[in-house]
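Read through the structure below, which is laid out as structure tokens, and then see the notes.
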Amino acid sequence: MLRPVRADRRTTSPRSAAPLGRRLPLVAAAVVAAGLTAACGPSSEPAGSAAAATAGQSAQALSDPQSATPSAETSPTPSASPTASASAPASASPTASRAPSGSASSGGGSAKPARTSAAPAPAKVPGPGYDSSADAQKQIDAALRAAKADGRMVLLDFGANWCGNCKAADKVFAQSQTARILGASYHLVKVDIGGNSSANSALLRKYSPSGGTYTMPVLVVVSPSGTVRTDTHVMGNPSLTAEGINAFLRTWAS
């Protein structure tokens, strides 16, 4: 005879079903968390710190709006410095190069005085006596060319080596004061008319054409253009002293 099966033996344990259903979601969550951990790598921060930090930053941004917006004063401006440093030398260089010219023009004390033209060298004064072998015409032509260049007068001295008055005049010409006047204002040409030179006699008549008896020395002043300014055969000789000849020379020097 079969025994009736007790009802409590046929039923499975109903108490374990409910806890298993509750554990399944936890297992699935653990699996997902493990997959995220494998993909992203282990975190160096404790769990929940990132969320807490994010939440803290959000709260700070809400409580302090000004801190969330970056300030213009604290923002780095690396481009401003290179621009300023690059433009500064460019603007300073022309200024520095113009400074010397400005200081030279504005500084009255540093300006150099204007150069004055140097005085021409004194003309050569012949020594005493008369050279009978000299080409008097060439000497006169050279003296006229020099006179045109420097503006001096030409002084023609017609005389002879045996003439006493001519020797007296030579002594005055050799004195320092008279020699300075001659060198500064005249080109002196001495022409010998004491010999038999017809060429020199013709020159005397050319520059002293009045003729007659000539009293030596005959002094004739000629301008650079060749014009006779004075002739002592007509005007008379000055005193053959330093005072007389110097006065004569100064009178006709210009």
Side-chain angles (χ1 to χ4, degrees), residues 115-254:
R115 292 184 178 181
T116 56
S117 57
K124 183 179 179 181
V125 178
Y130 301 85
D131 185 1
S132 59
S133 64
D135 189 336
Q137 182 63 66
K138 288 185 178 179
Q139 291 178 334
I140 294 173
D141 292 342
L144 289 173
R145 287 193 300 269
K148 290 179 181 179
D150 56 28
R152 291 183 173 100
M153 301 296 160
V154 176
L155 176 61
L156 303 180
D157 176 9
F158 294 93
N161 290 323
W162 46 262
C163 170
N165 289 339
C166 298
K167 293 178 180 179
D170 278 344
K171 290 181 180 179
V172 176
F173 289 159
Q175 295 181 13
S176 59
Q177 185 178 10
T178 307
R180 284 195 298 270
I181 299 173
L182 285 171
S185 303
Y186 293 92
H187 293 282
L188 175 60
V189 178
K190 304 185 76 174
V191 182
D192 181 21
I193 57 173
N196 298 321
S197 174
S198 59
N200 290 352
S201 299
L203 288 174
L204 174 62
R205 292 190 296 271
K206 175 182 177 180
Y207 288 99
S208 180
S210 59
T213 303
Y214 292 89
T215 302
M216 296 183 291
V218 179
L219 303 177
V220 180
V221 177
V222 183
S223 69
S225 62
T227 303
V228 174
R229 302 190 63 198
T230 189
D231 172 11
T232 59
H233 177 60
V234 176
M235 306 297 298
N237 273 331
S239 172
L240 299 178
T241 60
E243 292 78 7
I245 292 180
N246 291 347
F248 171 83
L249 295 176
R250 291 190 181 101
T251 300
W252 299 105
S254 59

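Just so we're clear, the structure is a prediction, and the values are computed from it rather than from any experiment.
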Quick check: closest heavy atoms across [X] and [Y], and the distance to 0.1 Å?
| X | Y | value |
| --- | --- | --- |
| G194 | A160 | CA-CB, 3.5 Å |
| N161 | K167 | O-CE, 3.0 Å |
| G244 | P238 | O-CB, 3.8 Å |
| A136 | N200 | CB-OD1, 3.4 Å |
| V191 | Y130 | O-CD2, 3.6 Å |
| M153 | W252 | CG-O, 3.6 Å |

Taking the side chain from [X] and the backbone from [Y], do they hold a donor-acceptor pair closer than 3.5 Å?
| X | Y | answer |
| --- | --- | --- |
| H233 | G211 | yes |
| S132 | D192 | no |
| S201 | S197 | yes |
| N237 | P217 | yes |

Pairs touching residues 140-149 that satisfy side chain to side chain donor-acceptor pair (under 3.5 Å), sequence neighbours left out | Q137-D141
With D150 via salt bridge (Lys or Arg N to Asp or Glu O under 4.0 Å) - residues at least two apart = R152
Sequence neighbours excluded, which residues qualify as salt bridge (Lys or Arg N to Asp or Glu O under 4.0 Å) partners of D170?
-> K190
Evaluate the side-chain proximity of L155 to L249: yes if any heavy-atom separation is below 4.5 Å, no if none is.
->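 With C-beta onward as the side chain, the pair touches.
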Measuring from atom [atom1] of [X] to atom [atom2] of [Y], what distance do you get when rounded to the nearest 0.5 angstrom?
| X | Y | atom1 | atom2 | result |
| --- | --- | --- | --- | --- |
| I140 | Y207 | CD1 | OH | 5.0 Å |
| L188 | D157 | CG | CG | 6.0 Å |
| N165 | T215 | CG | OG1 | 8.5 Å |
| R229 | M235 | CZ | CE | 12.0 Å |
| L156 | S208 | CG | OG | 10.5 Å |
| D231 | L204 | CG | CG | 8.0 Å |

